[in-house]
Engineer: 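Okay, handing you the structure first.
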Amino acid sequence: MRLKTTTILAGAATLAAAGLQAQSDWRPSYTLYGDPGLIEMPSGASDPDGQFSLTFGGFDLQQRGTLSFQITDRLGGSFRYSRLDEFSGPESGATYDRSFDVRFRFLDEGRYTPAMTVGLRDFLGTGRYSGEYIAATKTFGPDLRVTAGLGWGRLGTEGGFDNPLGVIDDRFEDRPRQDDAFFEEGGTVSTEAFFRGDAAVFGGIEYRLTEELTGVVEYSSDAYARESQAGTYDPESPLNFGLTYQPRENYILQAAYLNGNTLGLSATFTVNPNDRPTYGRRDPAPVPVAVRAAEVRAAQTWDRGRLPEATLRQLIVDTLDTEGQSVSAVELTDRQVRIRYTNTKYRTEAQAMGRITRILTQALPPSIELITLEPVRAGIPTSSATFRRSDIEELENTVGASQRLFERTQFSDAANTDAGLVDVQNDRPRFDYGIGPYITPRYFDPDQPISASIGLQFSADYYIQPNLVVSGLVRQEVVGPEDEASSGSALPPVRTNADLYGRDRNPTINRLQVAHYGRPAENLYSRVTVGYLERMFGGLSSELLWKPVDSRLALGAEVNYARQRDFDVLFDFQDYDVWTGHASAYYDLGNGFHAQLDAGRYLAGDWGATISLDREFANGWKVGAFVTRTDVSYEDFGEGSFDKGLRITIPTDWTIGTATRQEYSSTLRSLQRDGGARLSVDGRLYDVIRDSHPSEMQETWGRFWR
Amino acid sequence: MSRRMRILAPLIGALTLSACGSGNEENLSVIRSLRDAIFNQGESGAAARPQFSRQAIEESGQDFILAGVPSRGALALLQQAGTNRGAETWVAEDGVSATYRNGILIATKGLGPDLMAADVSGTVAALRQGGGTAVRTHEYLDGNDQIIRYRYECAVQSAGSERITIYERSYDTVKYEESCESGLQRFTNTFWVGQDGVVWKSRQLISPPVGYLDSERL
């Protein structure tokens with residue numbers, strides 16, 4: 001349990017100190033490239049830890065959509081999707097380009113020192129915007145901020161001079177020509193070019209005119225050399241002038257006059273997972289703890305004549321049901337109760353446990369001192385947490401209660417502990433269905449940067465047993481992208497022909513499968529799924545996971561036989577089939593960082609590995625990046641060279657304020673090709689089971705007393 | 001309702017209607033919550049004090065606290081729901097609870113940015129002694145669900161005697177002001193303490209985002 005003793009509370013501004021805080025808290029604005037900075041030039045300062053920003057900026061010739069994330073306090077990154085019009089000369093067509101930035105703040109702003117950042121723009125990709133920089137930013141008084149920096153690459157084209165790094169090594173003096181031959185298929189890290197070639201100085205000042213308006217003047221070291229050469233852009237001056245308008249903390253608009261003749265505009269929206277919005281409904285208060293009188297607490301047994309076990313079991317089922325906890329089995333002894341249940345309401349298992357234990361203090365006979373809770377996911381018990389009722393009584397409403405209770409709670413595995421449990425009837429239906437609209441966005445299509453498939457879907461689940469479920473999903477597309485088949489690669493077309501599926505606009509069976517989950521032994525979890533597993537493939541998927549309850553490490557193995565489905569997405573198959581599978585290692589690095597390594601055979605029969613790194617906030621936000629390299633050459637892979645992408649999850653309860661387990665997830669792939677593609681199976685074990693393990697619960701334990 | 005809201009309303013309505021089935025229960029509740037969040041933001045504004053007589057309170061045979069959160073324009077009658085070693089938890093029908101120790105607020109639940117727990121032993125002692133300094137500790141959950149703890153240095157001072165009336169019954173009280181400070185944070189709690197030591201009326205900080213809680217013992 002980490003305890004923060006910071007002295008600035010989100011929202012403290014509503015108290016007396018509002019004025020003071022605003023002055024020292026002048027956050028950087030955003031460039032037309034969507035990174036923290038002035039107009040086109042980057043800043044030495046960075047965003048607050050964890051902040052996301054989405055910027056649309058540009059001018060008539062180039063538009064850029066950028067998602068930036070402050071990965072840690074010092075490290076920031078951006079993903080950008082740009083439209084570059086008249087790319088190869090006047091009247092020529094537009095090209096679309098993806099680019100990634102990283103930046104690292106290596107010096108904090110102090111009384112005399114500026115904040116300093118070293119950054120790489122477009123370090124991965126086709127290099128249209130490639131440039132490196134070191135920038136320093138210093139605030140003077142409440143309203144003035146000055147930035148100065150040194151740029152290379154694109155940022156070293158205006159007033160460039162011999163690279164000062166040439167003193168260290170002659171190789172720094174020349175930058176390789178960054179043309180299409182250099183980048184080939186794009187997507188690789190262009191280390192041979194970093195900080196090479198001419199360097200140039202850039203800088204600027206920002207002056208706060210009013211609370212909401214800031215004036216910006218910048219000297220840009222980007223001469224738009226490629227564009228001038230192509231005759232599509234004619235910078236007359238390196239000076240840019242801008243006005244930024246920030247009506248609310250989360251919105252920034254900027255208008256700029258660029259290079260003496262061009263109007264630029266940008267709009268930025270920011271959100272920080274650490275700042276929970278406070279509108280919306282709130283969870284109702286929990287039932288308070290009922291405290292046993294001292295004289296009955298020592299009781300060794302309870303009178304089953306007055307309160308039969310069956311009656312008590314039903315009472316437990318009924319009362320926990322009011323909190324969205326679906327009880328499946330109960331064991332009662334003189335001094336202990338053990339409950340298996342599925343939490344259907346709260347995002348965190350900690351909050352569910354907090355609610356359950358408090359309700360039980362109201363319902364249980366006084367002699368019962370130990371409360372063991374065994375959360376169930378996918379029909380299998382995932383862990384066991386044992387509380388002393390006296391601790392719950394003692395710690396309620398006390399300072400330090402979260403930390404103390406976590407230390408006193410015993411966690412263990414719940415495998416092979418069925419003996420003694422009595423199955424109970426609950427109201428959870430065996431059949432579950434839903435009809436509703438769906439929307440599946442698609443990004444970065446060369447012709448249509450954002451498109452979506454919209455339609456109606458019908459989903460149903462039938463629980464033969466709690467851990468054996470038949471589920472299906474049928475969709476009818478109403479509106480969808482009209483696409484020609486995209487260019488193939490040298491590999492079997494396992495993903496690039498996605499557009500050929502369901503083109504006739506008839507109903508499609510996107511999923512129809514039977515899934516079984518099990519606990520073969522202590523620390524082991526299993527899954528077998530058979531059927532039409534996803535839109536493009538059907539077959540059999542089996543998985544085994546080793547994850548001791550108190551371990552930060554988990555190991556998994558997955559073996560699948562997959563066969564390509566017919567383009568009508570009904571019952572038939574095509575000829576292509578493949579054995580695919582992975583050995584996986586998962587590690588909880590602490591501080592919310594999680595790493596995953598999967599090595600094995602991919603859908604197109606290629607062998608390789610995927611590395612993923614995610615930052616998971618205790619409030620349910622997740623953001624991560626993954627990279628896959630297989631034995632497919634860059635050339636055979638095609639555009640992008642190898643598979644990589646970003647993923648983000650936003651918990652619904654964060655947005656609306658009331659308890660729900662729902663979340664919104666999206667994966668942004670730079671380009672989906674055939675190499676490094678994985679079977680998309682529902683309900684992989686690691687994510688299903690880990691929420692109730694102590695390393696996860698420790699992060700969210702603050703919600704226990706909520 | 002702004003123009004944007006008028007455009008959104010039918011859209012959200014349509015989404016609510018078009019989803020059905022038990023599997024969509026959760027979707028529906030999410031949509032409803034969002035709708036409420038968008039359309040019912042103007043909660044603030046003073047709520048009317050409920051009208052009833054002292055006789056009605058006495059006939060009910062129960063204790064009540066009339067509690068209000070001025071920043072939200074909310075006012076509710078609380079009833080006692082539990083006692084744990086001197087900590088009394090009172091709940092309102094709308095799912096908000098407040099917990100007091102010797103009349104001093106130590107927790108709230110159901111308000112969003114709640115006071116998770118507080119150590120107020122210093123304040124209790126200072127009130128008993130007719131004033132003095134006290135240290136109080138508050139715990140909150142931050143935006144990332146981590147417990148954050150503040151330690152406030154407080155000064156409790158008498159602000160003179162005051163005769164207050166709560167639903168036809170009058171009390172001779174001493175009004176105390178407790179001024180607290182921690183870094184840039186500052187707040188002042190006010191207590192009206194009767195001769196028997198009962199805090200009949202108070203205004204106490206819940207959390208910076210929510211502001212104060214007004215309580216009257218009926």
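A, B, ... follow the sequence lines: proteins, then strands. Residue 1 opens every chain.
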Engineer: Which pairs pass salt bridge (Lys or Arg N to Asp or Glu O under 4.0 Å) with one or both residues in residues 204-218 of chain B, sequence neighbours excluded?
Structural biologist: B:Arg49-B:Glu216, B:Asp63-B:Arg217, B:Arg203-B:Asp214
Engineer: At a heavy-atom distance under 4.5 Å, which candidate from A:Pro288, A:Pro284, A:Ala285 has the highest pair count against chain B?
Structural biologist: A:Ala285
Engineer: Please identify each residue that fulfils ring pair (Phe, Tyr, Trp, His ring centres under 6.0 Å) with B:Tyr167, with sequence neighbours left out.
Structural biologist: B:Phe52
Engineer: Counting heavy-atom pairs closer than 4.5 Å to chain A, which one of B:Gly82, B:Gly112, B:Ala107 comes out on top?
Structural biologist: B:Gly112
Engineer: Rounded at 0.5 Å granularity, tell me how far CD in A:Gln403 sits from CZ in B:Arg149.
Structural biologist: 6.5 Å
Engineer: Heavy-atom distance under 4.5 Å to chain B: side chain of A:Arg358, backbone, both or neither?
Structural biologist: side chain
Engineer: Judged by atom type as modelled, is there a donor-acceptor pair below 3.5 Å linking the side chain of A:Asp275 to the main-chain atoms of B:Gly143?
Structural biologist: no
Engineer: Does any heavy atom of chain A fall under 4.5 Å from the side chain of B:Thr108, the backbone, both, or neither of them?
Structural biologist: neither
Engineer: Given the rule in the side-chain contact (heavy atoms from CB on, under 4.5 Å) test, do B:Lys109 and A:Asn397 qualify, once you have shown the distances and angles that lead to the verdict?
Structural biologist: CA-CA 11 Å; B:Lys109 300 283 153 64; A:Asn397 296 320; 3.9 Å; yes
Engineer: Considering non-hydrogen atoms only, spot the tightest contact between B:Arg85 and A:Val291 and give its length.
Structural biologist: NH2-CG1, 4.4 Å
Engineer: Quick check on B:Ser97 against chain A: is it the side chain, the backbone, both or neither that has a heavy atom closer than 4.5 Å?
Structural biologist: both
Engineer: Counting only heavy atoms not in B:Gln157, do more than 12 sit closer than 6.0 Å to its CD atom?
Structural biologist: no
Engineer: Using non-hydrogen atoms and a 4.5 Å limit, figure out which bit of B:Ala118 sits close to chain A: side chain, backbone, both or neither.
Structural biologist: backbone
Engineer: Give, as side chain, backbone, both or neither, the part of A:Ala618 having an atom under 4.5 angstrom from any heavy atom of chain B.
Structural biologist: both
Engineer: From B:Gln146 CD over to A:Phe617 CZ, what is the distance, rounded to the nearest 0.5 angstrom?
Structural biologist: 11.0 Å
Engineer: Looking at A:Arg347, A:Glu699, A:Arg706, which one forms a side chain to side chain contact (heavy atoms under 4.5 Å, CB included) with B:Asp145?
Structural biologist: A:Arg347
Engineer: Heavy-atom distances under 4.5 Å only: say whether A:Trp654 touches chain B with side chain, backbone, both or neither.
Structural biologist: side chain
Engineer: Identify which of B:Thr99, B:Asp119, B:Leu115, B:Thr83 forms the greatest number of heavy-atom pairs closer than 4.5 Å to chain A.
Structural biologist: B:Thr99
Engineer: For A:Asn619, is there any backbone N or O sitting under 3.5 Å from a side-chain donor or acceptor partner on B:Asn144?
Structural biologist: yes
Engineer: Given heavy-atom pairs under 4.5 angstrom as the criterion, report whether the side chain, backbone, both or neither of B:Thr89 touches chain A.
Structural biologist: side chain
